[in-house]
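Reading through the structure tokens given below for one structure.
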Amino acid sequence: MRFVRLLASDAGVPLYTRTVTLLCVPIMVRDPDAALALAHEAKAAGAGMVEYRVDEFFNPGAPEADPSRQQREITRLVSQSPLPCILTCRSATEGGGYEGDEGERASLYEKTSSPGAKDQLPPRYLDIELASYAGDADIRDSLNRAIDHPARKRADAPGLILSAHDFQSRPADLTRKLLAMQAEPAANVLKIAYRARSLRDNLELFEILSHADRPMIALAMGEFGLMSRVLAPKFSAFLTFASLRPESVTAPGQPTVSELRDLYRFRSIGSKTKVYGVIGWPVGHSMSPLVHNAVFNAHEFDGVYLPLPVHASDDAEANYASFKATVGALVDDPRLDFSGASVTIPHKENLFRYARERGWTVDSLCEAVGAANTLSIERTASGSPKKIRITNTDVEACVAPLRAALGTLEGRTIAIVGAGGAARAAAFGFANSGAEVIVFNRNLDRAERLAAEVSEWGKGGSVAASSHDKLPSEPADAYVNATPVGMAGGPDPQGFAIPIDRIVSPGNTRPSPVVLDTVYNPIETPLVLAAKAKGWTVIDGVTMFVGQAAAQSEGWIGRPAPRDLMDRLVRERLDSANRTS
Ligand code: NAP
């Protein structure tokens, strides 16, 4: 059990010591034998508890229903469970499937929990909504007879989980609900679950967990809520739920057991674990959690890396406002140990702007590019931020592989196609290394503005802008695609931002040019395939992706990143995603 109860404190508040947060697999029961098979699977996968959700199975009001038989089947399921279990018949009013009579539901709980035949075992816990328990004296009496109630101790009876759910939003009366739950002496475990509106709602749940007077489950639902589920052990939650398969989740945003166990290394998360993540919109398919958690694992580093979605729309100022509110709350939270983030589209400029607003350390290249992709936070022992800095590892991720391929960038001519964020990082980086840069873009004004900015910066080589149709006749040692052309699901997946067949005069210093494609999905874009067919040297987008991620983790951990491992993981993930799509 997660908590061992101790004597009441002088203040009358029950104390408890905390051990391990349980991983609980919820099983939606439709067929009790199939549910038992899933419970065995959950046990084999490392779960410590299962929750049998019987609200779709137990339907006493249905025309052909046989409630006595259903109750016996549920009793058998609970008795034969290979893991300690929670029995839940969730009301439709709180997101479940039970629409029947409340008395029938209470009677199911009572019968399943009372001593019966010698091989009948009760569930470890019964879960009932606060609204039902507190709102109906008969239900409360019935439940109190079923459980290990403080007034008539029955050690062999189930404990009571008192719960409250809101599938729409944070309940406006959250505090009232919590106080009402805490006022119930019969409740062994309190559960609060609501749909998070932003990452900030997780922080409130962590605060609630930190002040809990007894075992507590506090979970946020939806795409913003994953943090509360993964970090449950950091905040000593009683349990967290994880489904066996993506299709069997019982609440939005619930991770799978394998995600929790293998990707987020749930078992190694503790109160001191540092929190990192990728901030962007959307970030659900980001490969950064895969790569960074693997690095933490390889270094046995006490950290976890999460997707951190920060909502964005077409309104740049609204995006900045949500970035500022969310990142400010994460950075300033003294309990979270938020120690760093990768920042991606569309928030790289927002990170730069916010860092300047807060007076964080901004390195000179970042200052020049006007965008950053990395946030690093050092904290004092008490959790307060000590030193916060932002960097742009995209720059070095473009420069390093090209420098390796060309020997030096000094005096080399490099054609960049595109004038957006990736092109900016590349243009400043190449110029800083002494290259002669030409920026081509379909919108020539934008290319000219970028060239002017780099020239004004005045470091290293030269930068010019040119119209896209001049590209084939412009001799260059390297061509860089910094547009989404060639990207799966992008504006032109089969297209060539660099018209490779029409390039007439490669640069003077090499027999054939180098091509760097920033697009990494697919790994072999049409451009990469065509350049390879011509025998040109190719640097693909995975190399750049791994380069920027490796520099981030080296900054955070202070140890060399296992680049080969990172490279392999990204290629395997992309290959398997493309095989199944
Ligand atoms: P961005 O800021 O939106 O800029 C996109 C650029 O591409 C703009 O210059 C745009 O031209 C141009 N463009 C868009 N569609 C085009 C088309 N159909 N034909 C020709 N030009 C087109 O995007 P970004 O952040 O720079 O990202 C660009 C690419 O870099 C993306 O594919 C991204 O995946 C990749 N990237 C890769 C990594 C990595 O680690 N491998 C890191 C960062 C970015 P206009 O100015 O005319 O609109």
Side-chain angles (χ1 to χ4, degrees), residues 278-283 285-288 290-292 312 314 316 319 342-352 369-374 392-402 415-429 438-451 453 465-469 471 479-499 515-528 538-553 561 563 566-567 570-571 573-574:
V278 52
I279 295 172
W281 185 265
V283 286
H285 291 102
S286 169
M287 288 184 300
S288 295
L290 171 76
V291 167
H292 284 289
D314 290 340
N319 293 349
S342 315
V343 178
T344 185
I345 294 170
H347 291 303
K348 291 182 184 184
E349 285 85 4
N350 290 335
L351 174 60
F352 176 73
V369 176
N373 74 335
T374 311
N392 192 325
T393 67
D394 285 337
V395 175
E396 194 51 23
C398 291
V399 169
L402 215 52
I416 300 173
V417 185
R424 282 184 76 79
F428 278 96
I438 313 171
V439 183
F440 298 88
N441 196 40
R442 62 177 180 187
N443 173 343
L444 183 56
D445 284 354
R446 202 172 173 197
E448 282 172 343
R449 278 201 303 278
L450 174 55
E453 275 181 60
S466 187
S467 67
H468 197 261
D469 52 318
L471 179 59
Y479 294 88
V480 176
N481 173 31
T483 77
V485 175
M487 183 172 81
D492 189 2
Q494 297 307 321
F496 289 81
I498 296 160
V515 164
L516 189 168
D517 197 342
T518 64
V519 173
Y520 56 76
N521 188 17
I523 304 169
E524 301 216 298
T525 60
L527 174 65
V528 165
V538 172
I539 300 160
D540 63 29
V542 173
T543 305
M544 180 182 168
F545 179 82
V546 169
Q548 57 82 33
Q552 290 178 331
S553 79
R563 288 174 190 244
M566 298 166 84
D567 194 88
V570 175
R571 287 177 198 280
R573 164 65 65 89
L574 288 167

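If you're wondering where the values come from, they're calculated on a predicted model, not measured in any experiment. Numbers here are sequence positions counted from 1. When a ligand or atom number is given, it counts from 1 through the structure's own listing order. Heavy atoms only: backbone and side chains are in, while hydrogens, waters and symmetry mates are out.
- Classification of Asp567 and Arg571 as a salt-bridged pair holds, one side-chain N sitting under 4.0 Å from a carboxylate O.
- Nearest protein heavy-atom contact of atom 4 (O) of ligand 1 is Gly420 CA, 3.3 Å.
- Less than 4.0 angstrom separates atom 32 (O) of ligand 1 from at least one non-hydrogen atom of the protein.
- A 4.5 Å side-chain heavy-atom check between Val291 and Val570 finds at least one atom pair inside the cut-off.
- Taking CG from Asn443 and NE2 from His468, the interatomic distance works out to 12.0 Å, rounded to the nearest 0.5 Å.
- Contacts with ligand 1 closer than 4.0 Å are made by side-chain heavy atoms of Val519 only, the backbone lying farther away.
- Ranking protein heavy atoms by distance to atom 48 (O) of ligand 1, first place goes to Arg442 NH2, 3.2 Å.
- Of the protein's non-hydrogen atoms, the one nearest atom 26 (O) of ligand 1 is Ala422 N, 2.7 Å.
- At the shortest separation from atom 42 (C) of ligand 1 among protein heavy atoms lies Met544 CE, 3.6 Å.
- For Asn481, the side chain to side chain donor-acceptor pair (under 3.5 Å) criterion is met by Thr483, Asp517, not counting sequence neighbours.
- Nearest protein heavy-atom neighbour of atom 14 (C) of ligand 1: Pro484 CD, 3.4 Å.
- Panel note: side chain Gln548, backbone Phe545; a donor-acceptor pair is recorded below 3.5 Å.
- Checking only distances, Gly541 does come within under 3.5 Å of ligand 1, N or O to N or O.
- Side-chain contact between Val417 and Val480 is absent, with no heavy atoms from C-beta onward closer than 4.5 Å.
- Contact of the Met544 side chain with the Cys398 side chain is registered, since non-hydrogen atoms from C-beta on lie closer than 4.5 Å.
- For Phe545, heavy-atom contacts with ligand 1 shorter than 4.0 Å involve the backbone as well as the side chain.
- Residue Pro491 has no N or O atom closer than 3.5 Å to an N or O atom of ligand 1.
- The shortest N/O to N/O separation between Ile345 and ligand 1 does not fall below 3.5 Å.
- Any N or O atom pair closer than 3.5 Å counts here, and Arg446 shares at least one such pair with ligand 1.
- For ligand 1, the polar-atom distance check finds an N/O of Thr518 within less than 3.5 Å of one of the ligand's N/O atoms.
- Between Asp492 and ligand 1, a contact under 3.5 Å exists for no N or O pair.
- Under the 4.0 Å criterion applied to side-chain N and carboxylate O atoms, Arg424 and Asp394 are not assigned as salt-bridge partners.
- Residue, atom and distance of the protein heavy atom nearest to atom 6 (C) of ligand 1 are Ala482 O, 3.9 Å.
- Between atom 43 (C) of ligand 1 and the options Lys348, Gln548, Met487, the minimum heavy-atom separation is to Lys348.
- For Asn319, the side chain to side chain donor-acceptor pair (under 3.5 Å) test picks out no residue, with sequence neighbours left out.
- Annotation: Gly421 places an N or O atom under 3.5 Å from an N or O atom of ligand 1; distance criterion only.
- Residues Leu516 and Thr518 meet the side-chain proximity criterion, which asks for heavy atoms closer than 4.5 Å.
- Remark: ligand 1 and Asp394 share no N or O pair separated by less than 3.5 Å (distance only, no angle test).
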